[in-house]
Colleague: 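Before anything else, here's the structure in question.
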Amino acid sequence: LVVENQRSSSSCAGHSEALAFAHANFLSTGEVLRFSRRFSYLTSQSEGGYLGADQGTSINSTLEAATKYGCCLEEQCVFQEAYSTQIPKTAYEAAAKHKHFGPVNYDCRDWDVMLDWIADKRPVIIGTPWYSGQGQVRLVETKNSSSGSFLGWHARCLTGWDHYEKDLCPVVQNSHGENWGNHGRAIVTRDQWEFWRRNANFVALGFSRIDEVEPKRRSWKESKPGDTC
């Protein structure tokens, strides 16, 4: 899955929602597609009552927007770092073909519930406090990473799992580009997760499934090693 960079925009929740769409679509079709971060951000803001300023949005509204509006592809509503509320009509029409199905408030804050959800190959969108120390994460994000200055709240997406010190742990994909973590991703340890859980504003919502994008037809004559046919 493509690692994006929100840069100076406060669109982390939109990035997370678009990534959840890409994750769900990839697992159904085997194709890596980029879903629109801008469409996800603005429709989530609309649902949450934040539309009109680049001030972020709530995690709950990402699932509500994904279910109500769906999401179009990146090229149908291109990401802009400069804030604008304009969405092409054609983007709404395209997004309506790819909506989220499932509960919009499936609570995955419990460690075991979260692991069961991602082990079932479904993403989880999280909203956590963000500290300056987390910008220095490389391979693993631990409780010690939550050090330094508090910078606000940040949305990200759990896209899978890995093993760390023999424990099964989620893998989080960030929207700070490939220079963060291990090429944009990091393993999250249980002590970091439990640190987040102690905060009443911590959110972790399970993303279910979507109407996937029909895979492109491929020719065996043009296939290359590693292609999905």
Side-chain angles (χ1 to χ4, degrees), residues 1-46 48 50 54-59 61-63 65-66 69-88 91 94-95 98 100 118 121-128 130 134-139 141 145 151-162 170-188 203-205 207 210 212-213:
L1 300 176
V2 178
V3 174
E4 308 284 8
N5 195 335
Q6 69 186 77
R7 301 190 186 280
S8 63
S9 169
S10 299
S11 57
C12 55
H15 277 71
S16 299
E17 180 190 325
L19 178 58
F21 269 95
H23 180 281
N25 187 78
F26 172 71
L27 290 177
S28 296
T29 69
E31 291 210 68
V32 177
L33 298 177
R34 296 172 70 197
F35 282 78
S36 175
R37 299 161 284 165
R38 181 175 162 213
F39 187 90
S40 294
Y41 181 37
L42 293 178
T43 53
S44 296
Q45 279 199 313
S46 178
Y50 297 90
D54 188 14
Q55 57 185 327
T57 187
S58 69
I59 301 299
S61 65
T62 64
L63 273 292
Y69 299 101
C71 191
C72 61
L73 297 181
E74 177 70 16
E75 61 264 26
Q76 295 162 333
C77 187
V78 178
F79 175 71
Q80 297 175 340
E81 189 174 354
Y83 185 77
S84 169
T85 60
Q86 299 302 310
I87 298 178
H98 315 297
H100 169 263
I118 62 173
K121 298 183 179 180
R122 291 181 286 183
V124 175
I125 298 177
I126 62 174
T128 72
W130 185 257
Q134 288 170 276
Q136 309 306 314
V137 167
R138 289 298 173 258
L139 298 175
E141 189 171 340
S145 304
L151 302 178
W153 285 80
H154 187 42
R156 290 180 289 169
C157 188
L158 305 183
T159 57
W161 65 92
D162 203 342
V171 173
V172 66
Q173 184 165 321
N174 204 357
S175 52
H176 289 174
E178 293 211 359
N179 289 330
W180 183 85
N182 182 17
H183 302 290
R185 303 173 180 86
I187 294 172
V188 177
V203 178
L205 294 180
F207 190 99
I210 66 169
E212 63 270 8
V213 179

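What's counted below: heavy atoms across the whole structure, side chains too, no hydrogens, waters or symmetry copies.
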Colleague: Would you say S40 and T62 make side-chain contact, with heavy atoms under 4.5 Å?
Modeller: no
Colleague: Could you grab the distance from atom CD of Q80 to atom OG of S11, nearest 0.5 Å is fine?
Modeller: 11.0 Å
Colleague: On a heavy-atom basis, which atom in P88 and which in C77 lie closest, and how many Å separate them?
Modeller: CD-SG, 4.1 Å
Colleague: Taking everything shown except Q86 itself, do over 12 heavy atoms lie less than 6.0 Å from its CD?
Modeller: no
Colleague: Apply side-chain contact (heavy atoms from CB on, under 4.5 Å) to residues S84 and R38 and explain how you reach the verdict.
Modeller: CA-CA 9 Å; S84 169; R38 181 175 162 213; 4.1 Å; yes
Colleague: What are the two closest heavy atoms between F21 and A66, and how far apart are they?
Modeller: CE1-CB, 3.5 Å
Colleague: Any donor-acceptor pair under 3.5 Å linking the side chain of D54 with the backbone of S9?
Modeller: no
Colleague: What is the minimum heavy-atom distance between Y50 and G56, and which atoms define it?
Modeller: CB-O, 3.5 Å
Colleague: In Å and rounded to the nearest 0.5 Å, what is the CD1 to CG distance from I210 to N25?
Modeller: 4.5 Å
Colleague: Would a 4.5 Å heavy-atom cut-off, applied to side chains only, mark V213 and T29 as touching?
Modeller: no
Colleague: Do F39 and Q76 come close enough that some side-chain heavy atom pair is under 4.5 Å?
Modeller: no
Colleague: Any idea how F207 and H100 line up, ring-wise: parallel (<30°), tilted (30 to 60°), or perpendicular (>60°)?
Modeller: tilted
Colleague: Who pairs with R122 by salt bridge (charged side-chain N to carboxylate O under 4.0 Å, His left out), at least two apart in sequence or on another chain?
Modeller: D120
Colleague: Indicate yes or no: at least one non-hydrogen side-chain atom of L33 is less than 4.5 angstrom from one of E212.
Modeller: no
Colleague: Establish, from distance only, whether the side-chain atoms of Q6 and S175 form a donor-acceptor pair under 3.5 Å.
Modeller: yes
Colleague: The criterion is ring-ring contact (aromatic ring centres under 6.0 Å, His included); which residues satisfy it with Y41, sequence neighbours excluded?
Modeller: none
Colleague: For I126 and I59, work out which heavy atoms get closest and say how close.
Modeller: O-CD1, 3.8 Å
Colleague: Could you give the distance from CG (L42) to CD1 (I87), rounded to the nearest 0.5 Å?
Modeller: 4.5 Å
Colleague: When you look at R185 and V3, which way does the side-chain contact (heavy atoms from CB on, under 4.5 Å) test go after all the steps?
Modeller: CA-CA 8 Å; R185 303 173 180 86; V3 174; 3.8 Å; yes
Colleague: Answer yes or no: is there a donor N or O on one side and an acceptor on the other, between the side chain of W180 and the main chain of A186, under 3.5 Å?
Modeller: no
Colleague: The criterion is side-chain contact (heavy atoms from CB on, under 4.5 Å); which residues satisfy it with S46, sequence neighbours excluded?
Modeller: L51, Y69
Colleague: Return a table of donor-acceptor pairs under 3.5 angstrom between the side chains of residues 152-161 and protein atoms on other chains or two or more places apart.
Modeller:
unit_1, atom_1, unit_2, atom_2, d
H154, NE2, N174, OD1, 2.7
R156, NH1, E141, OE1, 2.8
R156, NH2, E141, OE2, 3.0

Colleague: For the atom pair NE2 (H15) and CD1 (I125), what is the distance rounded to the nearest 0.5 Å?
Modeller: 13.0 Å
Colleague: Applying ring-ring contact (aromatic ring centres under 6.0 Å, His included), name anything that partners Y83, two or more places apart in sequence or on another chain.
Modeller: none
Colleague: As an exercise, state the distance from OG of S36 to CD of E17, rounded to the nearest 0.5 Å.
Modeller: 9.5 Å
Colleague: Suppose the criterion is salt bridge (charged side-chain N to carboxylate O under 4.0 Å, His left out): which pairs have a residue in residues 74-88, not counting sequence neighbours?
Modeller: R37-E74
Colleague: How long is the span from the CG atom in L19 to the CD atom in Q173, to the nearest 0.5 Å?
Modeller: 4.5 Å
